[in-house]
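Have a look at the structure below, then the notes.
Values reported hereafter were calculated over all heavy atoms of this structure, with side chains retained and with hydrogens, waters and symmetry mates removed. Note that the structure is predicted; figures quoted are calculated from it, not measured. Letters A, B, ... mirror the listed sequences (proteins, then strands); counts begin at 1.
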Amino acid sequence: MNREPVVVDARGERCPQPVILLARAARAIEAGSLVTVLSTDPAAGGDIAAWCRMRGHTLVSQSAQDQPLAQTSVLTSIVRVEPIRRP
Amino acid sequence: MSEQPPSTHRASRVYLDAATVAPPRTAALEAFRAAVDDGWADARRLHHEGRTARLLLDGAREAVAAGLGARTEEIVFTGSHVRAVHAAVLGTALANRRRGRTIVSSAVEHSSVLHATEHVADDTALRIPVDRTGRVEARAMVAALSAPGVVLACLQHANGEVGTLQPTDAVHAAAREVGVPLLVDAAASIGHVPAPQGWDLLTADPRSWGGVPGIGLLAVRAGTRWRSPEPVHDGTERVADDVSVPAALAAAVALEEALRTLAPTPSTDARFAQVESIRRAAAAVPDTEVVGDPVDRLPHLVTFSCLYVDGEQILERFDRAGFAVGSGSACTASTLEPSHVLAAMGVLTHGNIRIGLAPGTAPAAIDAFCAALPVAVAEVRALLGADDL
């Protein structure tokens, strides 16, 4: 289990970059570790959830925070990386 | 009337985005051109030219009514499908404003339906969830529309992005029990599967069955409370639209042709098997999700999403290779929002490719697309540095 929380800052990134960055981070850490993804793209929330489902990982939580000055909303997704499924 | 090769193969391009807008049928274009010559006058006028236009328009209305199992007087031509939808929703809300303001819709209705319901009352517009295939939860919809203050329910005949058929007859029967009218948007399904039977309002888009642009269709069952939401200047018309007589005629001719060649069930349409090949080819691409009901669906549509692929880039790649395809990805939409249909289904929205087959699409074109697909996906993934994920 990683000690340092892994944070993927994908704010400002357009899809599919948030998911690509998440997938790269997930590859580099141990099963059971958590990855926190910050995103602003409107598709990212749903796509992170879909990636978890398609790749066998667990979406632990998602919550949005409005940033009125930046006129955007930042979504925080916490994903638990599971062991790679063997086909 | 002989049927010429479809315009899907003009100058070696393959048009695979026929879900919403199909190439106009040759017979429809011929009827359109003839009607431009003969039917340009104001159909309200009493002189010969006006009466000619009137005859053509009434003939078109009668033919469309027959094709939809409706009465002629129930058919209203509008300037577009979107305007037909607006008239249906706003007109029902207006006629029922003393009974309530709540409109219940599936979460995967055409965006014009959802926007119209929000325009009426965005705080009370209800969205009923769908399952992973995009099919509405019928029990939830029936429960919601049975509540007090509901003046309209909206359930499409079939979804125009993923093809899944909706239980409109069952929902209509339940809605009728509680006196709530049902709008069935059949823009994706008319001409491809038998027309729905249970509806109080129906909307359709002649472009989807090979008509020409510039016309939409609204049908209001006799006895349904409805009122034009815009001022109507003329006692003979039901909406404030000056209908293109040539476009109406093209719509009627195209519908007649489509219905003459209609397969009795979706799976007997030649395109059903073609879509199956595309579904198989897409499923074979790594990290790709093919969505929509594989069996209870329209014969001619399929959509799938590929992980780590940029929708805009893959669309451009296919376009350069001569294939016109659609997409539900955010980067390909004018709104920069992902498809609300895919989002409601909980499926991947990026890297989305949407295919709609016009009748008569050549097997060679399907084979060429299926062969090009894995290559295009791999190339775009490599460009994004995602080919090792």
Check for me whether the distance between the ring centres of B:F318 and B:F369 falls short of 6.0 Å.
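Centroid separation for B:F318 and B:F369: below 6.0 Å.
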
Is it the side chain or the backbone of A:A43 that comes within 4.5 Å of chain B heavy atoms, both, or neither?
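Its backbone and side chain both get close to chain B.
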
In terms of heavy-atom proximity below 4.5 Å to chain B, should A:R14 be classed as side chain, backbone, both, or neither?
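Just the side chain, heavy atoms under 4.5 Å.
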
Do B:V171 and B:T168 touch side chain to side chain, with heavy atoms closer than 4.5 Å?
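Side chain of B:V171 against side chain of B:T168, heavy atoms only: no contact under 4.5 Å found.
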
Are the side chains of B:H119 and B:V89 in touch, meaning some heavy atoms are under 4.5 Å apart?
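Not in contact.
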
So which of B:G346, B:P338, B:S305, B:G311 has the biggest tally of heavy-atom pairs under 4.5 Å with chain A?
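Counting heavy-atom pairs under 4.5 Å, the top option is B:P338.
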
Below 4.5 Å from any heavy atom of chain A, which atoms of B:L336 appear? Answer side chain, backbone, both or neither.
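The answer is both parts of B:L336.
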
Part of B:T288 lying under 4.5 Å from any heavy atom of chain A
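Backbone only.
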
Could you state the interatomic distance from CD1 (B:I314) to CD1 (B:I353), rounded to the nearest 0.5 Å?
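Reported value, rounded in 0.5 Å steps: 4.0 Å.
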
Roughly how far apart are B:L114 CG and B:E109 CD, rounded to 0.5 Å?
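The CG atom of B:L114 sits 6.5 Å away from the CD atom of B:E109.
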
